[in-house]
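Every chain is numbered from 1 and lettered A, B, ... according to where its sequence line falls, protein lines coming before strand lines.
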Protein chains: 2
Amino acid sequence: MPYDPSAFPPFAVTVDLVVLTVRRHSLCALAVRRGEPPFQGRWALPGGFVRADEDLAQAAARELAEETGLCVHDPAAPTQDNGAHLEQLATYGDHERDPRMRVVSVAHLALAPDLPAPRAGGDASNARWAPVEELLEQAGYGRDGEGPAPLAFDHTHILADGVERARSKIEYSSLATAFCPPEFTVGELRRVYEAVWGVALDPRNFHRKVTGTPGFLVPTGGTTTRQGGRPAQLFRAGGATLLNPPMLRPEV
Amino acid sequence: MPYDPSAFPPFAVTVDLVVLTVRRHSLCALAVRRGEPPFQGRWALPGGFVRADEDLAQAAARELAEETGLCVHDPAAPTQDNGAHLEQLATYGDHERDPRMRVVSVAHLALAPDLPAPRAGGDASNARWAPVEELLEQAGYGRDGEGPAPLAFDHTHILADGVERARSKIEYSSLATAFCPPEFTVGELRRVYEAVWGVALDPRNFHRKVTGTPGFLVPTGGTTTRQGGRPAQLFRAGGATLLNPPMLRPEV
DNA sequence: CGTGTTTATCGTCAGGCAGACGACTATGAT
DNA sequence: ATCATAGTCGTCTGCCTGACGATAAACACG
């Protein structure tokens, strides 16, 4: 079959973002309110069209900066502050996922420390951090008036995939540190694992495990009592990205 | 910013396939020869445009069937013969990856047992199983005449990602059975691991591990001597998809 | 028909890691 | 001073893995 420029249909390509953070001991995702049809007024994942001269990762980083002010953590400069982890998640292109036209969305997963008050174009009422449990549960309520509406489009599905990716990836990588400020304690890191997995972990075994894994944590020498109790050592993320052996998530 | 249908640039969307199999103790990928520019005459991954009324997974399954005759293994009917595993791999959309136009390619990973002689539109000389080692090594040779040319476009990169996905996924899932015929022996399964990882495994420890993992293997009652030596028990893949604890890949 | 080769399968043993949990330490709150 | 809160260090036991010896059942060959 010879090449024919008219042989393929045109698509719109967007990036959607699953931005996760840990606030008050629970895993939260960034949601923005849609200002236009379809799904006007409903909550959705942040995202937007990929521009003609942009790579996919660039577009995702641009959207992330627009929505949160976060810069993407450059792996080449790991000491940089205020950086978020960003990676491609999956691509969603069912042919009727957007009623307007044929849209393929390349979803990305971002992990951020808990700091920024959300802003969507400067309007705080149109962006919020919502517990993922709440956002995912809403998919069960189809009837009007029974709790808030689920996310627009197939965003509930995308969010579920992103959460599952984060849950499994902190098992075998040092990605949980992306949820922490630049300096953090072992207890703070443990609370990240507990929030993401939704389980309680033994503080003593956790401490032994993370401090015994070479390259995971680097002590800074300082201590803090910001969590109360006995002062805790402060650490930075070490260079290791893959944990071997992995952290074990307690089954069910 | 209000919705404007002319505000987004049009993209072409394709699916590309990393089809892996194990032949003669080595991991091989399907390559097809390009019949048209750009990269005319060069080897590439199979793939094609997504049609207007097709979902992404449908398009990938269609391309797979066109190139190999394989049907996608339906998880709902696990006893089905001649089925291949198919999953989305990642999406590649750098803005100059195709010199003709803006193309976003949703790459998929397929794992198939060793049976089919490749065919591309009925022409066997335009499709082949090539050892992945060979295909990936060629990326190092930029000079003309120094071995065959590397794959077209960014397909070497896509192939490397697919191989890495397969290598890591057989650690913690039962996916290695997708490389095997419907009934297989422990030794045949071990040779799959050895080919994909490129290492030698201890037959005794491997046997203990796979037969001791509940749900991984189901004995069929039969035996075979097709590998020579003492007759070996035949197994089918069990229902378990996640292996816990995982198979351990020997380091380096 | 024995003998060697090949592959499969079972057993043993030592080391390492994880879960359960006791004990002690250093802060702030009352 | 006492208590509550968190952090840190140890111990013990069971399980899993890697290393490797030993046996079993087929085929090839003289």
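A 6.0 Å sphere centred on CD of E133(A) holds no more than 12 heavy atoms belonging to other residues, nucleotides or ligands.
With sequence neighbours left out, D154(B) forms a salt bridge (charged side-chain N to carboxylate O under 4.0 Å, His left out) with R97(B). Applying the salt bridge (charged side-chain N to carboxylate O under 4.0 Å, His left out) rule to E171(A) yields the partners R249(A); only residues at least two apart in sequence or on another chain are considered. Checked against salt bridge (charged side-chain N to carboxylate O under 4.0 Å, His left out), R24(A) has no partners two or more places apart in sequence or in another chain.
For residues 200-207 of chain A, proximity to DNA chain C is found at D202(A), R204(A), N205(A), defined as any non-hydrogen atom under 4.0 angstrom from a strand atom. Within residues 219-228 of chain B, no residue approaches DNA chain D, by heavy-atom distance under 4.0 Å.
Checking D16(B) against S105(B) by side-chain atom types alone, a donor-acceptor pair falls below 3.5 Å. Judged purely by distance below 3.5 Å, without hydrogens or angles, the side chains of N244(A) and Y172(A) never pair a donor atom with an acceptor atom.
At whole-Å resolution of the value, CG in L243(B) and P in dT17(D) are 11 Å apart. Between R190(A) atom CZ and dT5(D) atom P there is a gap of 14 Å when expressed in whole angstrom units. The CG atom of N244(B) sits 13 Å away from the C1' atom of dC15(D) (whole-angstrom rounding). Between the CD atom of E188(A) and the P atom of dT5(D) there is a distance of 18 Å, rounded to whole Å.
Of the two residues contacting DNA chain C, namely P231(A) and K209(A), the nearest-nucleotide position lying further toward the 5' end is that of K209(A). Along DNA chain C, the nucleotide nearest to R230(A) and the one nearest to P246(A) differ in position, and the one closer to the 5' end is contacted by P246(A). Each of M247(B) and R191(A) has a nearest nucleotide on DNA chain D; the 5'-most of these lies closest to R191(A).
Nearest heavy atoms, R167(B) versus W197(B): O-NE1, 2.8 Å.
Interatomic distance, OG1 of T224(A) versus CD of Q233(A), reported as 12.0 Å (0.5 Å rounding). With rounding to the nearest 0.5 angstrom, the CZ atom of R191(B) is 10.0 Å from the CZ atom of F206(B).
H25(B) contributes no side-chain N or O that, together with a main-chain N or O of R23(B), makes up a donor-acceptor pair within less than 3.5 Å. When atom types are taken as modelled, the side chain of H155(A) and the backbone of L45(A) share a donor-acceptor pair closer than 3.5 angstrom.
Where DNA chain C meets chain A (any atom under 4.0 Å from a heavy atom), the bounding nucleotides read 5' to 3' are dA18(C) to dT27(C).
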